[in-house]
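Accompanying notes for the structure given below.
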Amino acid sequence: MNWGYKILTVIVVFIIAMLTMVYISFRQTNEMVDANYYEKEIKYQSLINASNELNKVNENNLIVQRADTLDLKIPEKLTDKFSNGSLVFQRNSDEKKDQSFNFSPNINGMFSVNVKSFAAGNYVAKITWENDGVLYYKEQTIFIQK
């Protein structure tokens with residue numbers, strides 16, 4: 001085999017590799033984390049303030065994973081005039097797997113979510129509620145195992 005065939009072989013392998021990488025890159029999805037990213041970014045300072053309000057009362061995680069449920073525990077101090085509870089589980093890798101709930105905790109401050117409807121993987125739980133006109137907010141990363 002002379003040099004001409006070796007150079008041609010290298011060029012053909014290079015072209016095949018480049019075409020393969022182009023094909024793979026076109027199959028990738030590049031979704032934004034939030035559809036309303038810009039509007040939410042403008043309002044983000046209110047979420048920072050709400051998170052600071054919660055940190056004054058409770059620094060712990062609010063969601064605990066059990067065998068088949070996710071248990072949300074709102075501090076009892078923050079349930080007497082509870083309103084507008086929102087719980088969003090955001091899957092950054094696939095927005096079709098996001099889950100959202102409006103919730104109201106029971107008398108002990110508990111709310112449970114069944115994990116059977118969730119796909120296994122990482123989620124960011126975004127918890128928001130109001131108590132006596134004060135907004136509270138918490139983000140917590142959760143890995144759901146099946």
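Only this structure's heavy atoms are used, side chains among them; waters, hydrogens and symmetry mates stay out.
Residues Met21 and Ile24 fail the side-chain proximity criterion, which asks for heavy atoms closer than 4.5 Å. With contacts defined as side-chain heavy-atom distances shorter than 4.5 Å, the pair Val115/Thr69 does not qualify. Residues Leu70 and Ile144 meet the side-chain proximity criterion, which asks for heavy atoms closer than 4.5 Å. Contact check for Ile127 versus Leu72: side-chain heavy atoms found under the 4.5 Å cut-off.
Looking at Arg91 and Asp98, no side-chain N of the basic residue comes within less than 4.0 Å of a carboxylate O on the acidic one, giving no salt bridge.
A distance-only check finds no donor-acceptor pair linking the side chain of Asn108 to the backbone of Met110 [under 3.5 Å]. Counting only distance, with no hydrogens or angles, the side chain of Gln140 and the backbone of Lys126 share no donor-acceptor pair below 3.5 Å. Judged purely by atom type and a 3.5 angstrom limit, Asn131 has no side-chain atom pairing as donor or acceptor with the backbone of Val134. In this structure, the side chain of Ser51 does not engage the main chain of Leu47 through any donor-acceptor pair within 3.5 Å. A donor-acceptor distance shorter than 3.5 angstrom exists from the side chain of Gln99 to the backbone of Ser117, with no hydrogens or angles considered.
Aromatic ring orientation, Phe103 versus Trp129: perpendicular (interplanar angle above 60°, classes split at 30° and 60°). The aromatic rings of Tyr123 and Phe89 lie perpendicular to each other, with more than 60° between the two planes, well past the 30° mark.
Identified under the salt bridge (Lys or Arg N to Asp or Glu O under 4.0 Å) test for residues 129-142, with sequence neighbours left out: Lys81-Asp132.
Of all heavy-atom pairs spanning Ser100 and Val88, the tightest one is CB-CG2, 4.0 Å. Smallest separation of non-hydrogen atoms from Phe111 and Ser104: CD1-O, 4.1 Å.
One hydrophobic cluster holds both Phe118 and Leu62 under the rule that ILVMFWY side chains link at heavy-atom gaps under 4.5 Å. Under the 4.5 Å side-chain heavy-atom criterion for grouping Ile, Leu, Val, Met, Phe, Trp and Tyr, Leu135 is not connected to Leu87 through any hydrophobic cluster. Using a 4.5 Å cut-off between side-chain heavy atoms of Ile, Leu, Val, Met, Phe, Trp and Tyr, with links allowed through other members, Ile63 and Phe101 fall into the same hydrophobic cluster. A continuous path of Ile, Leu, Val, Met, Phe, Trp and Tyr side chains, each step under 4.5 Å between heavy atoms, connects Ile15 with Ile7, placing both in one hydrophobic cluster. Residues Val124 and Leu54 do not share a hydrophobic cluster, defined by chaining ILVMFWY side chains whose heavy atoms lie under 4.5 Å apart.
Note that CD1 of Ile142 is 10.0 Å distant from CG of Asn122, once rounded to the nearest 0.5 Å.
The neighbour count for Leu8 CG, taken as heavy atoms of other residues, nucleotides or ligands under 6.0 Å away, is above 12. More than 12 heavy-atom neighbours from other residues, nucleotides or ligands sit within 6.0 angstrom of CZ on Phe143.
Checking Asn49 against Glu53 by side-chain atom types alone, no donor-acceptor pair falls below 3.5 Å. Side-chain contact, Ser112 with Asp71: a donor N or O sits under 3.5 Å from an acceptor N or O.
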